[in-house]
Asks: 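Questions regarding the structure given below will be posed in turn.
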Protein chains: 2
Amino acid sequence: MAGIKDVAALAGVSISTVSYVMSGKRSIGEATKKRVLEAARQLGYMPNAQARFLRGEPTKVLALSSPLHEYTDYSNYAVFFFSLAMRAKRYGYDILLLMHEYGDQELTRVASSGMVDGILLLDVAMCDARADVAKTLNLPVVAVGYPSNSDGIYSVDLDFERMGREAMERAYALGHRHVLIVGTEGTAYDDGSNYLVRFRDTATKKGDDLGVSVLFKPSTGYSRDDVNLMLDEALSEEPGISLIICQTNAVHITNLLAALQARGLKVPEDVSVLAACTYGLGSLPRRVDEMPMMPKETCSRAVDLMMEVLQSKRNDVGHVELLPSRYQARGTVAAH
Amino acid sequence: MAGIKDVAALAGVSISTVSYVMSGKRSIGEATKKRVLEAARQLGYMPNAQARFLRGEPTKVLALSSPLHEYTDYSNYAVFFFSLAMRAKRYGYDILLLMHEYGDQELTRVASSGMVDGILLLDVAMCDARADVAKTLNLPVVAVGYPSNSDGIYSVDLDFERMGREAMERAYALGHRHVLIVGTEGTAYDDGSNYLVRFRDTATKKGDDLGVSVLFKPSTGYSRDDVNLMLDEALSEEPGISLIICQTNAVHITNLLAALQARGLKVPEDVSVLAACTYGLGSLPRRVDEMPMMPKETCSRAVDLMMEVLQSKRNDVGHVELLPSRYQARGTVAAH
DNA sequence: CTGAAAGCGCTTACAG
DNA sequence: CTGAAAGCGCTTACAG
């Protein structure tokens with residue numbers, strides 16, 4: 001690969017002149033400029049980025065930390081990945097994918113390597129170790145998600161607590177007094193998966209306040225049989241359930257709808273169904289009321305925020321932005 | 001961030017000694033070593049990677065070039081992304097995501113930046129501009145896919161031509177004489193999307209040889225209505241169709257199966273259905289015979305191959321590896 | 001067993 | 001309008 005020295009030699013100038021021609025940070029005589037540009041073109045010269053990075057210039061790369069759990073659904077990650085990557089590209093930034101089980105060392109490694117200008121966090125836990133590590137990093141860290149230890153990072157997330165409250169307020173207003181929350185796998189909650197826990201806990205608490213009983217059932221599987229087993233349990237514990245809030249995936253909801261139909265329960269006449277914290281439900285046989293996740297909006301805002309920090313337009317670590325979810329009415333939630 | 005100088009100062013040694021302690025490339029006196037290690041720990045010292053990259057050490061990063069088209073289905077990319085990333089991680093490599101519409105400049109940019117040790121190509125077209133650019137890059141390029149201009153790069157792909165031939169041989173052996181190939185959107189073929197074209201063209205040619213007529217219908221949409229329109233057209237052009245090969249996605253196939261049922265056509269009694277070049281069909285209401293894509297296998301092999309090249313275990317640019325697909329019989333293809 | 005110094009390829013004050 | 005030189009933070013021959 002041709003270096004700045006080669007270009008300088010071919011053009012018969014000093015390397016500083018070449019540098020200034022390339023950067024345009026100094027006015028150069030027309031003739032000289034022409035010769036340098038021609039030499040650069042001829043040699044296919046491109047400035048070695050490593051040398052510039054060594055001098056502290058931005059790498060125009062953002063690390064994306066995405067931990068993997070057993071319950072991680074790869075295809076669900078895709079939306080977040082692409083949303084982040086597309087938005088970053090707008091600003092001329094590329095994404096360095098960091099897939100790791102426990103994020104701590106990886107973050108320190110990539111930060112101290114100087115390979116990235118900032119770090120994005122995905123799949124944030126309620127108390128996320130990475131948010132603590134962030135403080136020692138002197139690189140901006142923006143989380144798509146809102147951990148409880150959010151000082152030290154910037155956080156962008158949907159307002160899942162508000163979502164939980166609003167879901168219950170709506171339920172209460174419509175006369176529902178017994179609600180079932182169907183969750184994803186229990187381990188996701190145990191690991192403290194952020195939005196799941198926030199929504200569930202706030203909804204449960206709000207239910208307590210309003211006098212609405214909330215039964216929570218994590219799933220042990222997404223099959224028709226799993227759903228039936230879960231329904232048997234739930235309905236025997238609380239026969240009065242009139243609203244089911246699904247905090248789970250399309251396959252699971254599909255099987256739930258089928259199971260309800262098989263039991264002769266009509267939606268929404270006999271039982272209302274609401275999906276919350278979901279997205280990509282387009283393949284459902286029947287569209288259901290939804291308080292969607294809106295990953296694209298959240299991710300875009302996260303990247304925008306990162307850029308504001310990188311461009312020194314703001315400097316308020318610990319800042320949290322919670323976006324409201326827009327309720328999508330589709331006729332599967334009715335009064336009871 | 002603490003540098004090597006800080007550590008040297010704190011430990012009271014020269015920077016070269018610190019370097020040698022960290023790298024272990026020279027034996028160092030026990031006492032000195034201890035002091036250096038302690039100083040490094042105390043300062044949280046990590047060698048600046050940029051400085052090492054500048055000296056030509058491997059960055060342990062692989063670029064992943066994934067062009068975006070209008071017809072790109074993000075979620076389908078996910079499998080490839082994760083398969084590549086997971087495999088790369090095994091070797092201690094991270095992935096730099098390159099999303100761009102036309103790959104040429106981006107590849108040159110990232111290659112000359114010195115930020116990556118090699119480049120992986122995804123979504124390879126029949127004649128892919130990136131494969132030509134690769135020759136000028138002096139970085140190894142491994143494609144997940146097999147372009148016609150494959151000298152200059154390494155290629156790993158499923159053997160889609162063989163798949164096409166085998167599909168038609170099987171069809172012929174089972175007595176089918178009129179086959180319909182249902183494709184994805186036509187633009188994907190026009191753009192020369194590799195595997196789609198290879199499979200379709202080889203199947204068509206093999207059909208010609210065997211005396212099996214092949215009708216090809218790209219889709220204009222995946223809905224039930226789209227499918228019905230397509231079926232009307234196809235069956236009026238060739239009423240004798242007894243085998244439908246689907247080179248498309250799960251939603252489309254689901255609607256196709258439903259449309260066939262609605263027409264009173266039983267699978268496989270009246271018409272056989274085979275999915276080819278597909279993956280992630282788990283959500284189908286009924287499992288169908290399949291010649292699957294096997295993205296995980298292909299991606300893993302691509303990364304392995306990249307590593308062989310990077311470790312100088314091989315040096316045969318232009319090398320092509322075509323993996324066979326394993327036919328999955330599921331009772332939707334029968335004799336006619 | 002350890003250190004002083006060159007060099008990786010740039011950018012940018014400092015000079016002229 | 002242009003050049004010689006310092007320096008970014010390392011690694012590694014070259015010396016001792």
Side-chain angles (χ1 to χ4, degrees), chain A residues 1-40 43-60 108-117 138-139, chain B residues 1-40 43-60 108-117 138-139:
Chain A
M1 285 260 157
I4 197 171
K5 280 194 264 183
D6 305 302
V7 180
L10 183 59
V13 298
S14 74
I15 61 160
S16 48
T17 300
V18 176
S19 176
Y20 283 120
V21 169
M22 300 311 283
S23 69
K25 291 192 180 172
R26 189 193 251 183
S27 50
I28 302 284
E30 259 323 305
T32 320
K33 191 189 242 174
K34 211 171 212 168
R35 253 184 310 139
V36 169
L37 252 21
E38 171 57 20
L43 296 170
Y45 169 70
M46 300 209 74
N48 178 311
Q50 301 298 349
R52 314 197 345 190
F53 299 156
L54 181 55
R55 296 185 44 95
E57 298 195 8
T59 63
K60 295 277 205 166
T108 330
R109 180 177 66 80
V110 78
S112 73
S113 81
M115 287 192 9
V116 302
D117 297 338
N138 71 4
L139 269 188
Chain B
M1 282 262 156
I4 196 170
K5 279 195 264 184
D6 306 301
V7 181
L10 183 59
V13 298
S14 73
I15 62 160
S16 48
T17 299
V18 175
S19 175
Y20 283 120
V21 168
M22 301 311 283
S23 70
K25 289 190 182 173
R26 192 194 246 182
S27 50
I28 302 283
E30 259 324 306
T32 319
K33 190 188 242 173
K34 211 171 211 164
R35 252 184 310 140
V36 170
L37 254 20
E38 172 56 20
L43 297 169
Y45 169 70
M46 298 210 73
N48 177 312
Q50 302 297 351
R52 314 198 343 190
F53 299 156
L54 182 56
R55 299 185 43 96
E57 296 194 10
T59 63
K60 294 279 206 165
T108 329
R109 179 177 67 78
V110 77
S112 73
S113 81
M115 287 193 10
V116 302
D117 296 339
N138 73 4
L139 270 188

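All heavy atoms count here, side chains included; hydrogens, waters and symmetry mates do not. Each chain gets a letter, A, B and so on, in the order its sequence line appears, and its residues count up from 1.
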Asks: Per the side-chain hydrogen bond (donor to acceptor under 3.5 Å, both in side chains) rule, what does the pair list look like for residues 8-23 of chain B, sequence neighbours excluded?
Replies: Ser14(B)-Ser16(B), Ser14(B)-Thr17(B)
Asks: Between dT2(C) atom P and Glu30(B) atom CD, what is the distance in whole Å?
Replies: 10 Å
Asks: Under the salt bridge (charged side-chain N to carboxylate O under 4.0 Å, His left out) test, which residues partner Arg109(B), sequence neighbours left out?
Replies: Asp94(A), Glu106(B)
Asks: Test of understanding: with side chain to side chain contact (heavy atoms under 4.5 Å, CB included), list the residues that count as partners of Lys33(B), not counting sequence neighbours.
Replies: Val21(B), Ile28(B), Glu30(B), Leu37(B)
Asks: Please identify each residue that fulfils salt bridge (charged side-chain N to carboxylate O under 4.0 Å, His left out) with Arg26(A), with sequence neighbours left out.
Replies: none
Asks: Which dot-bracket string fits DNA chain D when only Watson-Crick or G-U wobble pairs with both atom distances under 3.5 Å count, crossing pairs get [ ], and | stands for a partner on a different strand?
Replies: |||.||||||||.|||
Asks: With sequence neighbours left out, what residues match Arg52(B) under salt bridge (charged side-chain N to carboxylate O under 4.0 Å, His left out)?
Replies: Glu57(B)
Asks: Could you note down all residue pairs passing salt bridge (charged side-chain N to carboxylate O under 4.0 Å, His left out) where residues 14-25 of chain A supplies at least one of them, sequence neighbours left out?
Replies: none
Asks: Holding to side chain to side chain contact (heavy atoms under 4.5 Å, CB included), I want the full list of residues that pass it with Ala2(B), two or more places apart in sequence or in another chain.
Replies: Asp6(B), Leu43(B)
Asks: Looking only at heavy atoms, which two atoms of Arg35(B) and Val13(B) are closest? And how far apart?
Replies: NH1-CG1, 4.3 Å
Asks: Reading nucleotides 9-16 of chain D 5' to 3', which nucleotides get B (base under 4.0 Å from a protein heavy atom), which S (sugar-phosphate only), which -?
Replies: BBBBBBB-
